Amino acid sequence: MAKLQPVRGTHDLIGDDARAHLAIVEAAREIADRYGYGPMSTPIFEFTDVFQRTLGDTSDIVTKEMYTFEDKGGDSLTLRPEGTAGIARAVISGGLRNELPLKCFYTGPMFRHERPQKGRLRQFHQIGVELIGVAEPSGDVEAIALGADILDALGILSETTLELNTLGDGESRARYRDALVVYFTAHIDKLSDYSRERLQRNPLRILDSKNADDRAVITDAPVFDDYLSDDARTFFDAVRSGLDTIGIAYTLNPRLVRGLDYYSHTAFEFTTEALGAQGTVLAGGRYDGLIETMGGPATPGVGWAAGVERLAMMLGETAPATRPIALVGMGEDGERETVRLAHELRRAGLAIELLYKGGMKRGLKRADRINAAAAILIGDDELAKGSVTVRNLDSGEQADVAIADLTDHLAAYR
RNA sequence: GUGGCUGUAGCUCAGUUGGUUAGAGCGCCUGGUUGUGGUCCAGGAGGUCGGGGGUUCAAGACCCCUCAGCCACCCCA
């Protein structure tokens, strides 16, 4: 830390950026509420174990991306890299098992020690939902519909594609995994270095490789469809027909995978071409094995998370803030009166900007800069008459308004 | 963690083969207007040239290291 600067990969949210983030979260929260997904908040740090056990010792997040530290009591704590683990932990430790299904919406910062690039930060923000305790495909459909509704409300659904895949049940996936290992091992000389590593850790990931040589090998790789159990196929068909019923379009992407064992059945991502290499905007899936993996009773779950920064990048111009009315006081008495009036008018529901000092010229200049719709001028002349001057800053027209009539007069600016 | 590109005023950027006091536009401040903004005119403030080291008579420019940003890989929101 040679210099006063933000930590790499972190970002201040100021002005319009802050407003845009808030607007996204608020829009999402409101829609989630309509679906019955109520707010829930878990700590931004947990015992390291919570993430280690849920995410698996071989995942990238655990092996190299966690912000882990020891607290003064000697416990190993970790800044949360994602939201699901904490909620799953709360389900177990908070006795929420008796209140299933749990439907929740969460938002907040996440932390991953990655190299920053477009759409990727070390501290970023997510919104997300979880539906825990529902094993039916209608739960998957509901979660996806909720995500689509939020994207639609933000005006960006049409810029995204919903990619959909099934990871089957554990048995199907184990057999498929074995088949892949056999196939890729036979072609190991043609694989990239990265994919050779993946072959050890997570063979399904090879299917998702961007490497041209890998792609050639992948073309003839075994397809999951041949290994899918009847139950898994039935489940996936039900999800698909559910989406069809409510008119949500999707593309099947057999290469869309999740590494960890507790994932099952549905995997989906809303992706876009608009964000460069980090095209995933909202992604999730079913994690029926998660809570059991953490030491709880077998409990099904499905959910997703979306990156607020990525959503914000797609939004472009934000809706302008409501135009305030500026109060400009001249002289001591005038300034005192603006303070009193500001309080009164704000309590009457108007957006008021108090221009603390500096006289009329400066006051009007500032009123203009903050995009005020009107300025209320109060000086000795006005005080003597018991009125104020209301200047429309667009037309330049001015009116002498008795203080008693002011609220009515200003109704035009609401 | 790996690779490529880039760091000059609050912002966007010029700055010639190394040459004297580092510039522009926008923004900001002041005045023209002792009670009238947005336009115009005049003036002004604002720079460790990301940081450190080196080469040189001389470095914003060249070399090395480092930090940061961007983009990509990896991975993911």
Side-chain angles (χ1 to χ4, degrees), chain A residues 1-11 14 24 55 58-65 80-84 107-128 147 160 192-195 197-198 201-202 205-206 208-212 214 256-259 269-272 275-284 303-314 326 328-331 334 355 358-383 389-398:
Chain A
M1 193 180 66
K3 212 174 151 184
L4 213 48
Q5 60 186 23
V7 174
R8 179 170 213 189
T10 66
H11 211 279
I14 301 171
I24 289 167
L55 300 172
T58 57
S59 75
D60 270 47
I61 288 181
V62 168
T63 52
K64 58 182 197 195
E65 295 176 3
R80 65 181 181 194
E82 54 93 38
T84 306
T107 180
M110 305 293 165
F111 306 85
R112 293 182 197 172
H113 193 105
E114 298 181 278
R115 186 91 171 250
Q117 69 181 80
K118 188 183 178 77
R120 197 168 74 181
L121 298 163
R122 289 185 171 179
Q123 176 178 333
F124 60 103
H125 297 79
Q126 287 188 334
I127 54 175
T160 66
S192 66
D193 289 347
Y194 280 126
S195 284
E197 233 175 88
R198 286 188 274 235
R201 284 208 326 225
N202 192 351
R205 276 251 169 269
I206 299 175
D208 206 19
S209 173
K210 294 177 187 171
N211 181 285
D214 290 345
L256 179 62
V257 294
R258 288 285 128 88
E269 293 187 2
F270 286 86
T271 60
T272 179
L275 296 183
Q278 314 301 320
T280 302
V281 162
L282 184 156
W304 53 255
V308 178
E309 282 83 356
R310 290 186 185 176
L311 293 171
M313 277 192 284
M314 295 184 70
V328 181
M330 275 123 357
L355 303 185
M360 162 135 59
K361 186 181 175 71
R362 197 180 146 143
L364 279 172
K365 206 177 172 73
R366 185 158 169 236
D368 187 58
R369 205 179 324 141
I370 61 177
N371 193 30
I376 296 175
L377 311 174
I378 306 172
D380 292 341
D381 298 350
E382 286 81 2
L383 288 170
T389 300
V390 178
R391 179 179 176 86
N392 182 315
L393 290 176
D394 293 329
S395 65
E397 285 167 22
Q398 294 192 173

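Lettering follows sequence order; numbering is per chain, from 1. For the numbers below, each heavy atom of this structure counts, side chains included, while hydrogens, waters and symmetry mates do not. It should be emphasised that the depicted structure is a prediction, and the values quoted were computed from it without experimental measurement.
Judged by atom type and distance alone, A/R198 does not reach the base of B/C75 through any side-chain donor-acceptor pair under 3.5 Å.
When the C1' atom is used for both B/U30 and B/C67, the distance is 39 Å, rounded to whole Å. Between B/C5 and B/C41, the distance separating the two P atoms is 44 Å to the nearest Å. Taking atom C1' in both B/G53 and B/A72, the straight-line distance is 31 Å, to the nearest Å. Comparing B/A42 with B/U33, their C1' atoms sit 14 Å apart, to the nearest whole Å. Remark: the separation of the P atoms in B/G4 and B/U66 is 13 Å, to the nearest Å. Taking atom P in both B/C74 and B/U48, the straight-line distance is 41 Å, to the nearest Å. Rounded to a whole angstrom, the distance from the P atom of B/G1 to that of B/U8 is 25 Å. B/G32 sits 15 Å from B/U36 when the C1' atoms are compared, rounded to a whole Å.
Going from atom NE2 of A/H125 over to atom CD of A/Q123 covers 5.0 Å, rounded to the nearest 0.5 Å. With rounding to the nearest 0.5 angstrom, the NE2 atom of A/H11 is 15.0 Å from the CZ atom of A/F124. Taking CG of A/N371 as the start and CG of A/D394 as the end, the distance is 8.0 Å to the nearest 0.5 Å. Atom-to-atom distance recorded for A/L121:CG and A/R310:CZ is 9.0 Å, nearest 0.5 angstrom. Taking CE of A/M330 as the start and CD1 of A/I378 as the end, the distance is 8.0 Å to the nearest 0.5 Å.
Residue A/K118 places no side-chain N or O under 4.0 Å from the OP1 or OP2 atom of B/A72. Taking 4.0 angstrom as the limit, A/R120 places none of its side-chain polar atoms (N or O) nearer than this to OP1 or OP2 of B/C74. The shortest distance between the side-chain N/O atoms of A/R362 and the OP1/OP2 oxygens of B/C29 is not below 4.0 Å. Checking the phosphate oxygens (OP1, OP2) of B/C73, no side-chain nitrogen or oxygen of A/R115 falls inside 4.0 Å. A sub-4.0 Å separation between OP1 or OP2 of B/C71 and a side-chain N or O of A/Q117 is absent.
The closest side-chain donor-acceptor pair between A/Q398 and A/T389, if any, does not fall under 3.5 angstrom.
In this structure, the CG atom of A/L256 is 14 Å from the P atom of B/C75, given to the nearest Å. Going from atom CE of A/M313 over to atom P of B/C70 covers 10 Å, rounded to whole Å. Atoms CG (A/D208) and P (B/C76) sit 8 Å apart, rounded to a whole Å. Nucleotide B/G3 holds its P atom 18 Å from the CD atom of A/E114, rounded to whole Å. Nucleotide B/C75 holds its C1' atom 11 Å from the CD atom of A/E269, rounded to whole Å. Between the CZ atom of A/R205 and the P atom of B/C74 there is a distance of 11 Å, given to the nearest Å. A/R122 places its CZ atom 13 Å from the C1' atom of B/G69, with the value rounded to the nearest Å. Going from atom CZ of A/R80 over to atom P of B/A77 covers 14 Å, rounded to whole Å.
Looking at heavy-atom distances under 4.0 Å, A/G83 makes no contact with the nucleic acid at all. Residue A/G128 is out of contact with every strand shown, counting any heavy-atom pair closer than 4.0 Å. Among the protein residues, A/A367 comes within range of no part of the nucleic acid, since none of its heavy atoms lies under 4.0 Å from any strand.
With A/R122 contributing its side chain and A/P116 its backbone, the two residues share no donor-acceptor pair below 3.5 Å. A donor-acceptor distance shorter than 3.5 angstrom exists from the side chain of A/E382 to the backbone of A/G379, with no hydrogens or angles considered. Judged purely by atom type and a 3.5 angstrom limit, A/R80 uses its side chain to pair as donor or acceptor with the backbone of A/P109. Within the 3.5 Å criterion, the main-chain N or O of A/T84 finds a donor-acceptor partner in the side chain of A/E82.
RNA chain B forms stems at B:1-7 with B:67-73, B:10-13 with B:23-26, B:28-32 with B:40-44, B:50-54 with B:62-66, each a run of 3 or more consecutive Watson-Crick or G-U wobble pairs whose two key distances fall under 3.5 Å.
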Sugar-phosphate or base contact per nucleotide [nucleotides 33-47 of chain B; S, B, -; heavy atom under 4.0 Å]: B-BBBB---------
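Along RNA chain B, the nucleotide nearest A/H11 and the nucleotide nearest A/A306 are compared for position; the residue whose nucleotide lies closer to the 5' end is A/H11. Positionally, the nearest nucleotide of RNA chain B for A/H113 lies more toward the 5' end than for the other of A/H113 and A/F270.
The shortest heavy-atom contact between A/L393 and A/A367 is CD1-CB, 3.9 Å.
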